[in-house]
Amino acid sequence: MTAPAALRALRGRLLWFVDDPWAVGAAAHRFIEDGLLLIENGLVRAAGEAKSLLPTLPATAEIVDHRPHLIMPGFIDAHIHMPQTQVVASYGAQLMDWLNRYTFVEEQKLGEQGHAEKLSAFFLDELVANGTTTAAVYCSVHPQSADAFFTESQRRNTRMIAGKVMMDRNAPDALRDTAESGYRDSKALIARWHGKGRQLYAITPRFAITSTPEQLAAAGRLAAEHPGCHVQTHIDENRAEIAFARELYPEAADYADIYRRFGLLGPRSLMGHCIHMTHNEWQAFAETGAVAVFCPTSNFFLGSGLFDWAHARQSGVRVAVATDIGGGTSYSMLRTMAEAYKVLQLQGQSLSAYAALHAITLGNAKALGLDHLIGSFEPGREADVVVLDTGATRAMAHRLETVRDLAEELFVLVTLGDDRNVLATYVMGARVVLPR
Ligand SMILES: [Zn+2]
């Protein structure tokens with residue numbers, strides 16, 4: 001006889017989404033004031049009322065009492081750069097200048113022995129400290145940077161999507177691969193890591209400016225050969241970038257058409273920024289199912305512009321949200337959504353707390369095509385969980401004295417929250433020790 005399966009129950013205020021608040025309003029979320037999240041072998045077995053689930057538990061079940069705190073699915077970040085943890089907060093430049101002055105300098109260090117390991121460990125610590133349990137991650141051009149990242153993620157059992165950057169022009173010599181080596185190294189990394197445990201691979205041409213047509217063709221070949229892999233890149237972030245990209249690819253009708261010609265626009269394509277999109281580009285996204293990734297703190301910090309979420313929605317384009325560290329300025333998905341709210345306010349649009357919290361959980365899971373695995377508390381999902389204290393700071397506790405309902409409390413959390421609100425993070429049902 002085998003021993004009974006390990007059963008753990010988290011008790012607290014459960015909140016998760018089953019649909020999009022934009023589409024179905026209050027029917028999109030589930031909230032249970034005194035709830036129990038039942039986890040068996042790392043997977044969600046049930047989420048429901050504590051009073052009805054508690055009597056069903058065997059005596060051996062471990063119950064962790066997180067009352068009165070909020071228990072949500074772990075946050076998901078759809079675009080972030082592991083090599084840029086020491087680029088964050090670099091002064092005074094817009095995109096192209098920022099890349100050359102700061103980012104390309106730091107990324108060269110990933111070629112040094114041990115540096116990618118050091119950054120990967122810091123990076124994954126920082127993500128879980130912010131309640132983020134899945135991210136779509138750019139490594140550096142060095143294949144060993146992706147090996148180091150996946151090794152560390154595998155050790156922690158986190159579900160991560162990552163890839164080695166492909167770039168073979170308009171970058172320092174030390175940061176350039178070739179169309180051929182970029183293809184070969186990416187292919188070897190896919191064989192080593194894609195689908196190994198919880199690790200997933202993203203084919204990662206940095207953007208059209210740093211790849212020759214030969215390299216984008218090679219990336220498209222990889223995408224066709226590995227349809228289960230994501231593709232991640234940047235598009236329409238900055239006016240100077242767009243002009244340069246158009247100059248390099250004069251035959252393309254627009255920026256999106258550059259990627260489309262090479263087979264890089266599809267339902268698993270995560271396209272960072274999408275700020276200065278034309279009507280035809282939104283159409284191309286809608287037709288191919290490509291995902292527009294909104295990175296508000298980065299767009300503010302680099303002065304890139306305002307993402308038009310309403311336009312994306314009207315065009316039928318899927319949207320994900322992301323930090324974009326190190327162009328972005330916070331690892332926190334809460335802080336990211338606070339800035340998203342302001343970006344939309346500047347355009348006469350709005351974002352409820354429910355829509356914001358949906359975006360960083362089920363919304364991003366759907367955009368990544370992973371909602372059958374993560375992003376909610378439906379039975380069978382991987383039990384990645386964040387526990388949040390909505391009154392963690394003096395100012396927040398003080399403000400909460402006057403809130404009248406859950407929607408107001410959650411709006412305070414989204415607007416003022418960050419890593420200080422994260423009490424605990426669980427990865428596949430196991431509690432992670434948070435670095436402080
Ligand atoms: Zn980026």
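We use all heavy atoms of the structure for the numbers below, so side chains are in, but hydrogens, waters and symmetry mates are not. Both counts, for ligands and for their atoms, begin at 1 and track the order of listing.
- With salt bridges taken as basic N to acidic carboxylate O contacts below 4.0 Å, none links Asp389 and Arg420.
- Judged purely by atom type and a 3.5 angstrom limit, Thr134 uses its side chain to pair as donor or acceptor with the backbone of Arg159.
- Excluding waters, the protein N/O/S atoms found under 2.8 Å from the Zn ion (ligand 1) are His79 NE2, His81 NE2, His234 NE2, Asp324 OD1.
- With contacts defined as side-chain heavy-atom distances shorter than 4.5 Å, the pair Leu119/Gln86 qualifies.
- A parallel orientation is assigned to the rings of Phe294 and Phe307, their planes being inclined by less than 30° (bins at 30° and 60°).
- In this pair, His29 and Tyr354 present their aromatic rings parallel. The plane angle is below 30°, not in the 30 to 60° band.
- Applying the ring-ring contact (aromatic ring centres under 6.0 Å, His included) test to pairs two or more places apart or on separate chains, those with a residue in residues 152-194 are Phe150-Trp193.
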